[in-house]
Each structure stands twice: as C-alpha cells, then as structure tokens.
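Presented below is the structure to which this report refers.
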Amino acid sequence: MFKKILVANRGEIACRVMRTAKKMGIATVAVYSDADARSPHVLMADEAVRLGPAPANESYLKAELILLAAKETGADCIHPGYGFLSERESFARACAEAGIAFVGPPPNAIAAMGDKIESKKLAKQAGVNVVPGFLGEIDDTEHAVRIASDIGYPVMMKASAGGGGKGMRLAYSEQDVREGFEATKREGLASFGDDRVFLEKFIESPRHIEIQVMGDQHGNIVYLGERECSVQRRHQKVVEEAPSPFVTPEMRRAMGEQAVALARAVGYYSAGTVELIVSGADTSGKGFYFLEMNTRLQVEHPVTECITGLDLVELMIRVAAGEPLGFSQEDVTLTGWAIENRVYAEDPYRGFLPSIGRLVRYNPPEAVDGVRVDDGVREGGEVSMFYDPMIAKLITFADTREEAIDLQIAALDRFEIEGPGNNIDFLSALMQHPRFRAGALTTGFIAEEYPDGFHGAPASPELLECLAAIAGFAATAEADRARRIDGQLGKRLRPPAEWTVKIGAAEHHVCVSPDAVTVDDEPIDLALEYTPGDRVIEAEVEGAPFSVRIARTRSGFRLTTRGASHVARCLPAHVAPYAQHLIEKIPPDLSRFLLAPMPGLLMRLDVAAGQKVEAGQPLAVVEAMKMENILRAEKAGTVKSINAAPGDSLAVDEIILEME
C-alpha cells in the first residue's frame, strides 16, 4: 500500500480524499494557490506545497509543478479529485513516467472517453445505445445550421471536451444555432483548450441518469447502481439521488451491463461514471442513451457510498495499488435512499447570479442521524471568483426517499451562511415541491417550475401563524432583556406581553404568557427557547422539530425557514394602531440601466450610443467563471450612453449602459 498521497485538487474534494487516506494510514500532501493558502484542505494535510498565483492555469493546472511537489515530498501516488487535471491523459502519462501512481484510470481509457465524439463511436461499437446526432467535424456556423436542420430541432450543441455544464447550449431554432455556436466554441476553448463542437438530438422530457462503475487491474468490473441527476440548472447538476425513482431493477441491470461493456472495451479500471439520457416518457425501460463517460470520481459519489456502504475513494486507492476489488457484481446491494444537494455561492433571488465574498458566518448542520456534509471551507474564508462556486454538499440518507427528503429540509433550515449569496432557500423549496416529492423529474424541471425565477417557497397560513408566534416570543425576550438592563419599557410588557405581528399582508395578534402562546386568541402548541443574539431557534411545533434562522431588524425579525425569508414586524399591541402608516423606503428606479448582474469580464458590446433596440435583443456579453452570459434588452428603447468597454472588469451592479 502507498505511504504518502498527494491530492492534486482543492476544496471539499481534497478534504474528502484526505479523510479516507488518513483512515487508511496514508500520509497526505496538499497543494495550493495563493488564494487557498489558509484553506481547510491545506490545514488538514500533513504537508503542503505552494503552486503559484490564484488563477487555476497558473497553479492547479500546472502539471509540472504538481509532479515536482510529489517528488519533493516523497509522495508515491497522486489523487486528482475531479475537475482540473483529473481527466487529462497527458497528466496520467506524466505520472507514470515519473514513477508515481495515478489514482484513476489508465491514460488510454481517459483518451478514449475524454473526446465526446470518439467516445460515442466507441460506445456504439460496444453495443451501447447512443443518441442520434452528428459526430464529425463541424466547419463553421453555416455547417452547424445545416446539420441541426437535418437532425431536427431541438438540438444540443456541446464542446467535444466539455463537462460540468460548460460548453453546452440548447437550440430550438436556426437563430439559436447562429447565436450560440461560436459562443459554445469559445467556452470549449477557454475551459478545456479544445474548440470542437458536436451536435445531437435533444431528447425531450429527458431524465439524466448515470451508472457508477468500478474496476480493478485484474479485469474485474462492476456497476454500483444508478444516480438520478435530472434536477439541473443550465446543465449544471443541483440535486442528485440514489437510487432513481424512475429506474426499475430490469432497467438498472440493462444500463449497468452496457456501462460495464463500455468500460471493458477501453480497458477501464478505477472509478468511472457512464452518463445516460433517459426518456421519461418511455416506460419500457429501453429508452436510455449514452451521453459520455466521466473517467474520474464524480461530485455526487457520496449518494452511491450511502446506499452501497462502499468507500469509493478507498477503492480507487486500493485499485491504484494493484489490489483486486474483493467483491463481485452479486455482492453489490443497494439499501435505503440518499439525496445530495449542492450548496452554491449564488443568488437565486437574482436569477442565480454567481456570488463571491467572505464567509462572515458558516455553520453547517451537525453531521448526525443520516446527515453528512462534505465541504472545504470555513468561517472567515473567501469564496473566490477563480474557482467553482460550490460551498458544500449536503447529503442525507434514510430508509425511504420521503424520509431522506424530509431530512434535507430540516438540515437546510439549520444551515447558516452569511456573506456571499447562497441557494439554501431554493434547495429547500425544491425538496418541498410536490413534483419533486412525486419523483416526476426531467432535466427541465427548474426551468419549467420556476419560469419567472425564484422568489421564495410559498408559505401556508399555518406556517405564517407559527412564525408570528415565534416572532412574538422573541420580541418578548428582547423586551424583557431591555427592561432588566436599563428599565426600558417599564412595566408595560410584563407578562402577558401582547404584540401585533405583521408578516407580509398577514397580521396577527400574539399574546405571550409564562404558560402559553396564542395567535389570534387561539393557543399554539409551541415549545422553544430564545436568548437575544441567538441565530437559530430550535423549536417544536405540534410535537415536530422545527428550525428557524433568526436575525434582528429595526422593528422585528427576519425569520428564514422552509425555503423563504419572512420579515416579521413586531409592535406592542397598544402601539400598533398608531404605527400603521409609517412610510417604507421606496427603492430607486434602475430599469433604464443595464447593470452587470455578477462580477465578470465584459467580453463584447453589441450596441452603440444612439442605437434603437428591441425587447430581447442582445446588448452585451459578460464572462463569469468561464461562462458567457448574454445580457438582453428587457424592453424596446434607444441607447443613451455607453459606460463600459470590452475588456473591462465589472463589479456587481456596475452600469454598462443607459437607455433613453
């Protein structure tokens, strides 16, 4: 077995690999850029080596620096994690040439599966179902338009070396191809150093299901069940679960056997994932097609670990050391249900725009009772513009799918993040959505259910009454504290305290006494404790656990739970009738400005001062985190002035142009 492992990655996956390595008694080496000098993965490792500046192409993508770090520290193997160098054939070969074991598949398998065009040809030869499409070289936009017309719309344009949702665009018309083909090529070149693009038929009502395979260097290959990854946004996975609520045992076997056949055809060993597009309308169990094979560990591997009881990282390390798997396909059993939510630094209330900044507050839920948190950040750390915006992975595991979902909701309510925007409210809303709970998923789920964006999960009248009671209780505790400190409010709010609590359009009369809390003269079964300054309230409502994140406002509290934040305005009942007409501050009208929706680089301006534009017309392109974002006119008008130039670095809400 290896003595020392270097993890050629950062963040949560670096921490994840190190935890298993330490369990196996293997010493660990971290590598880091200047942006990560004090990151958790660096502090966790036994040794750490600086690579270079923050940009990945000057640090984590420098294979020669990583190999030098391995030699200097005496590491006898390298685990690449995912992303960065994990699927680069040249890096795997360089490790072999340096006499350092690569914890992953052989270079020839990476090469065979890394090219999406060639991999589809190999899959077809191996008897794997493939999606109809064009796998040859595409000359230019006009050629792409002709191919798309022959295949039939809608079509998907994909960068040949793409992955992780980058370099992918859906085209429903010729105009979409003309607008998106060159952008897809640029994204492929910027992210993967390869601007080749291929086109394939887009399967409508599709589900994204993947098969986990694991092989050793002795010819043993097994499949470890499937993962459902259909809940995506812009082709980036958001929620993953295992098993899939759609897949039958017969379908699982058929998909698994094809995945193993493909792996065997390329001499595969280590962990790998065969991704499939599945027609949700086809109940025969035969409507699945090969998309690609990821020759590495997947972000969502924890859900497979939960239902199989296997440590995939440990298996990868043992396989790299030449050990056999030690089990066969008949030994693989799937038990229970696991769900993973990706917690991203993004603002779902502003169109899911990327967010960066310092983690002023970071307190994940306690990892007990079927709850697991994989992360690589800590409070006070920085979410940087240089890397992926994922903050953490929240995994829950239970006997049934419904129980795993409910565990997610409860854990998300306890997840505290302050600083950069985050998608916790959105994830909770997804878990509560009737369609998600029914398992009626497609890759278009988010676009179909949130066509106008996300504005918070809807709250029932019962939930608002519960929040009013909690707000009244907290307001009483705050008033009691103020009275005890300096006599504020005198005797007017000695128990019972009466409050008028307004949440949105709802207004409630809340009475708090030492023995009970009533809302609109009706008792509520509520048990809780609150000390002024608490950030989370752990309560019981009708005997069921209930968590609320709480923050003080000028006239009450902001209460966040069940996928939404609610501002509760609390006024003493005897004051409320005289305070109903206080004027709220009206935000300024910014509709005539085109503002930068996220920090990024202004790649292109498509209009000039004095030009007339129509609603929906492209105005500018902003690149953020290697993704090109087209900014369009919300309404017709005339460009009054241009305030930025191509090549400018933009801050959030910086003015790009002004309309008449």
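At least one donor-acceptor pair under 3.5 Å links the side chain of Arg264 to the backbone N or O of Gly219. Using modelled atom types, one side-chain atom of Ser119 and one backbone atom of Asp115 make a donor-acceptor pair closer than 3.5 Å. Asp347 places a side-chain N or O within 3.5 Å of a backbone atom of Tyr349 that can act as its donor or acceptor partner. A donor-acceptor pair is defined here as one N or O able to donate and one able to accept, closer than 3.5 Å; such a pair exists between the side chain of Asp282 and the backbone of Ser284. Distance alone, capped at 3.5 Å, places no donor-acceptor pair between the Gln125 side chain and the Leu122 backbone. Side chain of Glu305 to backbone of Leu312: a donor-acceptor contact under 3.5 angstrom is found. Side chain of Gln329 to main chain of Tyr223: a donor-acceptor pair is present (N/O by atom type, distance under 3.5 Å, no hydrogens or angles). Under a 3.5 Å cut-off, the side chain of Arg592 and the backbone N or O of Met659 do not form any donor-acceptor pair.
Looking at every heavy atom in both residues, Ser86 comes nearest to Pro80 through CA-CB, 3.6 Å. Smallest separation of non-hydrogen atoms from Pro597 and Arg350: O-NH2, 4.2 Å. Considering all non-hydrogen atoms of both residues, Ala171 and Tyr153 come closest at O-CD2, 3.5 Å. When every heavy atom of Val319 is checked against every heavy atom of Tyr269, the shortest pair comes out as CG1-CD1, 4.0 Å. Closest of all the heavy-atom pairs between Asp374 and Pro302 is OD2-CG, 3.7 Å. Across all non-hydrogen atoms, the minimal contact from Leu262 to Ala126 is CA-CB, 4.3 Å.
Here Glu179 does not pair with Arg169 in a salt bridge; the nearest charged N to carboxylate O distance is not below 4.0 Å. Comment: Glu200 engages Lys120 in a salt bridge, judged by a side-chain N to carboxylate O separation of less than 4.0 angstrom. Ion pairing between a basic and an acidic side chain is recognised when a charged N comes within 4.0 Å of a carboxylate O; Arg93 and Glu97 show no such pairing. A salt bridge between Arg186 and Glu623 is absent, with no side-chain N of the basic residue lying under 4.0 Å from a carboxylate O of the acidic one. For the pair Arg146 and Glu142, the salt-bridge criterion is not met [side-chain N within less than 4.0 Å of a carboxylate O].
In this structure, Phe445 has its ring center under 6.0 Å from that of His433. Between Phe134 and His143, the distance from one ring center to the other falls under 6.0 angstrom. Between Phe352 and Tyr344, the ring center distance fails the sub-6.0 Å criterion.
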Hey, mind stepping through Glu228 and Ser230 against side-chain hydrogen bond (donor to acceptor under 3.5 Å, both in side chains) and telling me if it holds?
CA-CA 6 Å; Glu228 172 97 46; Ser230 295; 2.3 Å; yes
Given Ile339 and Ile395, is the side chain to side chain contact (heavy atoms under 4.5 Å, CB included) satisfied, shown in steps?
CA-CA 6 Å; Ile339 295 177; Ile395 305 103; over 6 Å; no
CA sep, side-chain torsions, deciding dist, call: Arg342, Glu300, salt bridge (Lys or Arg N to Asp or Glu O under 4.0 Å)
CA-CA 9 Å; Arg342 301 189 186 191; Glu300 57 272 21; 3.0 Å; yes
Before giving the answer on salt bridge (Lys or Arg N to Asp or Glu O under 4.0 Å), spell out for Glu210 and Lys237 the whole-Å C-alpha distance, their side-chain angles and the decisive distance to 0.1 Å.
CA-CA 12 Å; Glu210 59 191 30; Lys237 299 168 188 173; 2.9 Å; yes
Start with the C-alpha gap between Arg178 and Asp176, add the side-chain angles, then the distance that decides, and say whether salt bridge (Lys or Arg N to Asp or Glu O under 4.0 Å) holds.
CA-CA 5 Å; Arg178 293 188 182 281; Asp176 290 344; over 6 Å; no
Candidate pair Tyr387 and Ser33, rule side-chain hydrogen bond (donor to acceptor under 3.5 Å, both in side chains), full reasoning
CA-CA 11 Å; Tyr387 313 118; Ser33 72; 2.6 Å; yes
Thr295/Glu87 under side-chain hydrogen bond (donor to acceptor under 3.5 Å, both in side chains): CA gap, chis, key distance, verdict
CA-CA 6 Å; Thr295 54; Glu87 293 184 280; 3.3 Å; yes
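When side chains are defined from C-beta on, Ile203 counts as touching Ser279, because their heavy atoms get closer than 4.5 Å. Residues Val639 and Val613 have side chains in contact (heavy-atom distance under 4.5 Å, counting atoms from C-beta outward). Side-chain contact between Asp194 and Leu189 is absent, with no heavy-atom pair separated by less than 4.5 Å. Within the 4.5 Å cutoff, side-chain heavy atoms of Val239 are placed close to those of Leu430. Within the 4.5 Å cutoff, the side chain of Phe593 has heavy atoms near those of the Ile655 side chain.
Within a 6.0 Å radius of CD in Glu660, other residues, nucleotides and ligands contribute more than 12 heavy atoms. At most 12 heavy atoms of other shown residues, nucleotides or ligands fall within 6.0 angstrom of atom CD in Glu614. No more than 12 heavy atoms of other residues, nucleotides or ligands sit less than 6.0 Å from atom NZ of Lys62.
Taking CZ from Arg207 and CZ from Phe288, the interatomic distance works out to 15.0 Å, rounded to the nearest 0.5 Å.
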Pair up each side-chain donor or acceptor in residues 249-260 with any protein partner under 3.5 Å, not counting sequence neighbours, and list the distances.
| from | atom 1 | to | atom 2 | distance (Å) |
| --- | --- | --- | --- | --- |
| Arg252 | NE | Glu226 | OE1 | 2.5 |
| Arg252 | NH2 | Glu226 | OE2 | 3.1 |
| Gln258 | OE1 | Asn129 | N | 3.1 |

Can I get a per-line list of side-chain donor-acceptor pairs under 3.5 Å for residues 105-112, giving both atom names and the distance, sequence neighbours left out?
none

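Cation-pi geometry between Arg401 and Phe436 is met: under 6.0 angstrom from the ring centre, within 45 degrees of the axis.
Between Tyr60 and Phe84, the ring-plane angle classifies as parallel under the 30° and 60° cut-offs.
For the side-chain hydrogen bond (donor to acceptor under 3.5 Å, both in side chains) with Gln298, the lone residue among Glu275, Gln212, Glu240, Arg227 that qualifies is Glu275.
Side-chain atoms of Arg234 and Asn629 include a donor-acceptor pair closer than 3.5 Å.
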